[in-house]
Amino acid sequence: MKTLLLKKDEVRRLIGMAEVIGAVEEAYKAFNSDQVEQPDYIGIDLPSPRGEIDFKLGYYKANEVISMKASSGGFIDNPTAHGVPNGMATIFLFDGRSGALICVMDGSLILGLRTGASGAVSVKALARKNASTIASIGTGNQARMQIRAINETMKIEEIHAWDNNPDTLSKYKTDIESEFGIPVIMANSKKEAVEQADVLITTTRGKGSLVEADWVKPGTHIVAIGTDQRGKQELDPEIFRNARIIVDSIAQCTEKGETWHPLNGNIITKDDIHGEIGEVLLGRKPGRESDDEITIFDSTGMAIQDNTTASKIYQNAIANNVGTFFQFFE
């Protein structure tokens with residue numbers, strides 16, 4: 001057999017956001033249907049000015065694919081010191097029947113796409129049906145990806161955005177308005193942005209609570225993306241006290257996600273977590289039950305999302321004769 005190599009520009013051509021959203025929905029449902037083996041992921045923090053590197057491994061019984069993703073971020077000196085991006089990702093796909101390596105692909109786009117899609121899946125399942133206004137705390141690459149994905153699932157009338165870097169915020173406004181024609185209002189403060197939100201997206205690398213509880217209006221759906229390691233935080237833990245809490249993985253979110261903070265502060269217990277999003281998608285647990293409810297989706301990211309998304313890209317590559325095969329095994 002031969003192994004397929006897919007470079008970044010090839011991956012980009014092989015899948016669209018709507019297909020990624022479908023793959024992520026499949027992943028969440030599979031996770032709550034005993035179709036997934038997914039060990040705890042490993043994260044390594046490296047000394048400054050380096051960042052972190054994570055390793056996520058997953059086996060999906062339905063497609064007999066084992067995936068392994070290595071992703072790094074926060075290496076701020078990389079472009080100047082090493083001539084590579086400050087964040088990178090690589091995905092390896094193995095045949096679950098033989099253990100053979102079947103594909104190596106650039107994972108940097110997949111990481112952004114499937115994380116964006118996770119927010120969109122949560123919006124479709126948990127946001128108010130008449131939600132139209134988004135607030136974005138953080139305006140980097142993932143904030144843009146959230147808009148690309150959520151735009152597939154709801155009609156966005158306007159975006160209120162805040163970032164601690166005015167240049168980044170200004171560029172976000174230019175880029176989003178150019179790509180989507182959606183008005184972006186640059187908020188003067190986090191509070192000003194959050195108070196407008198029907199859907200609140202947080203995509204920072206925050207080390208302390210950025211969003212206060214009394215800023216969040218009834219009926220808001222919160223997409224908490226930025227906290228995936230102990231030490232990161234974006235939300236005031238008090239927000240969780242009276243909210244409906246949905247997570248991607250209880251095991252991960254209670255140890256490494258935003259949900260860890262209210263648990264650690266004894267504001268909630270594990271019994272206060274309503275459930276995992278796969279349970280909502282499968283109809284085993286209800287989603288939002290009133291327009292006044294605050295819903296929180298805490299997403300740490302799961303290997304099975306990489307698995308289903310990368311597998312779809314691999315299938316599309318084979319079908320369209322894209323990529324380069326090489327003889328890995330003699």
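Note that the structure is predicted; figures quoted are calculated from it, not measured. Numbering of residues begins at 1 and proceeds along the displayed sequence.
- With sequence neighbours excluded, no residue satisfies side chain to side chain contact (heavy atoms under 4.5 Å, CB included) with Asn242.
- Residue pairs meeting the salt bridge (Lys or Arg N to Asp or Glu O under 4.0 Å) criterion with at least one partner in residues 211-221, sequence neighbours excluded, are Asp198-Lys217.
- Inter-residue side-chain proximity for Ile245 and Phe297 is flagged as unmet; no heavy-atom pair is nearer than 4.5 Å.
- Formation of a donor-acceptor pair under 3.5 Å by the Asp292 side chain with backbone atoms of Pro218 is not found in this model.
- In this structure, Ser311 contributes its side chain and Asn307 its backbone to a donor-acceptor pair below 3.5 Å.
- Taking Glu26 as the reference, Tyr60, Thr308 meet the side chain to side chain contact (heavy atoms under 4.5 Å, CB included) condition, with sequence neighbours excluded.
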(message) Using side-chain contact (heavy atoms from CB on, under 4.5 Å), reason through Thr295 and Ile246 one step at a time and then give a plain yes or no.
(response) CA-CA 7 Å; Thr295 53; Ile246 311 289; 5.7 Å; no

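- Distance alone, capped at 3.5 Å, places no donor-acceptor pair between the Asp272 side chain and the Ile268 backbone.
- Judged as a salt bridge (Lys or Arg N to Asp or Glu O under 4.0 Å), the pairs with a partner in residues 246-261 (not counting sequence neighbours) are, in order, Arg230-Glu255.
- Residues Val211 and Lys190 are not in side-chain contact: their nearest non-hydrogen atoms beyond the backbone lie 4.5 Å or more apart.
- Proximity of a side-chain donor or acceptor of Gln196 to a complementary backbone N or O of Thr133 within less than 3.5 Å is not detected.
- Heavy atoms of other residues, nucleotides or ligands lying less than 6.0 angstrom from CG of Asp175 number more than 12.
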(request) Carefully, step by step, assess Asn316 and Val322 under the rule side-chain contact (heavy atoms from CB on, under 4.5 Å). (result) CA-CA 8 Å; Asn316 290 348; Val322 175; over 6 Å; no

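- Side chain of Ser33 to backbone of Gln35: no donor-acceptor contact under 3.5 angstrom is found.
- Leu6 and Val65 fall within the same hydrophobic cluster, defined by Ile, Leu, Val, Met, Phe, Trp and Tyr side-chain heavy atoms under 4.5 Å apart, directly or through other members.
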Without placing hydrogens or testing angles, list every side-chain donor-acceptor pair under 3.5 Å for residues 160-168, not counting sequence neighbours.
from   : atom 1 : to     : atom 2 : distance (Å)
His160 : NE2    : Glu158 : OE2    : 2.8
Asp163 : OD1    : Asn165 : N      : 2.8
Asp163 : OD2    : Thr139 : N      : 3.0
Asp163 : OD2    : Thr139 : OG1    : 2.9
Asn165 : OD1    : Asp167 : N      : 2.9
Asn165 : OD1    : Thr168 : N      : 3.2

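- Shown are Arg12, Glu19, Gln305, Met145; of these, the side chain to side chain contact (heavy atoms under 4.5 Å, CB included) with Leu113 is made only by Met145.
- Other residues, nucleotides and ligands contribute over 12 non-hydrogen atoms within 6.0 Å of the CD atom of Glu157.
- Residue Met88 comes nearest to Pro85 through the heavy atom pair CE-O, 3.8 Å, listed as atom of the first residue, atom of the second, then distance.
- In the hydrophobic clustering of this structure, Leu210 does not group with Trp260; members are Ile, Leu, Val, Met, Phe, Trp, Tyr whose side-chain heavy atoms approach within less than 4.5 Å, directly or through other members.
- Side-chain contact between Ile102 and Met1: present, with at least one pair of heavy atoms (C-beta onward) separated by less than 4.5 Å.
- Contacts classified as side-chain hydrogen bond (donor to acceptor under 3.5 Å, both in side chains) and involving residues 274-286 (residues at least two apart or in different chains) are given here: Asn32-Glu276, Arg244-His274.
- Two residues are said to be in side-chain contact when any heavy atoms from C-beta on lie closer than 4.5 Å; Val216 and Ile294 meet this criterion.
- Residue pairs that meet the side-chain hydrogen bond (donor to acceptor under 3.5 Å, both in side chains) test with at least one member in residues 45-59, sequence neighbours left out, are Glu52-Arg205, Glu52-Lys232, Asp54-Gln229, Tyr59-Glu64.
- Proximity of Phe240 to Ile222: side-chain heavy atoms (C-beta onward) are nowhere separated by under 4.5 Å.
- Sequence neighbours left out, the pairs with a member in residues 94-104 that pass salt bridge (Lys or Arg N to Asp or Glu O under 4.0 Å) are Asp95-Arg97.
- Distance check, rounded to the nearest 0.5 Å: OG of Ser132 to CD1 of Ile182 gives 11.0 Å.
- Between Leu4 and Ala317, the shortest heavy-atom distance links the atoms CD2-CB, 3.8 Å.
- In terms of the side chain to side chain contact (heavy atoms under 4.5 Å, CB included) criterion, residue partners of Asp106 (sequence neighbours excluded) are, by chain and number, Lys8, Ser108.
- The two residues Ala224 and Thr202 come nearest to each other via the heavy atoms CA-OG1, 3.5 Å.
- Not counting sequence neighbours, Glu10 has no partner by the salt bridge (charged side-chain N to carboxylate O under 4.0 Å, His left out) test.
- The environment of NZ in Lys191 is sparse: at most 12 heavy-atom neighbours from other residues, nucleotides or ligands sit within 6.0 Å.
- When only modelled atom types and interatomic distance are considered, Gln146 and Gln142 share a side-chain donor-acceptor pair under 3.5 Å.
- Here the closest heavy-atom approach between residue Val20 and residue Ala117 is recorded as CG1-CB, 3.7 Å.
- Remark: of the listed residues Ile15, Val11, Leu109, Leu111, Ile15 is the sole one forming a side chain to side chain contact (heavy atoms under 4.5 Å, CB included) with Thr309.
- Under the side chain to side chain contact (heavy atoms under 4.5 Å, CB included) criterion, Asn130 pairs with Arg128, sequence neighbours left out.
- In this structure, the side chains of Tyr28 and Ser118 come closer than 4.5 Å at one or more pairs of heavy atoms.
- Under the side-chain hydrogen bond (donor to acceptor under 3.5 Å, both in side chains) criterion, the residue pairs touching residues 69-92 are Lys69-Asp306, with sequence neighbours excluded.
- Across all non-hydrogen atoms, the minimal contact from Ala125 to Leu281 is CB-CD2, 4.1 Å.
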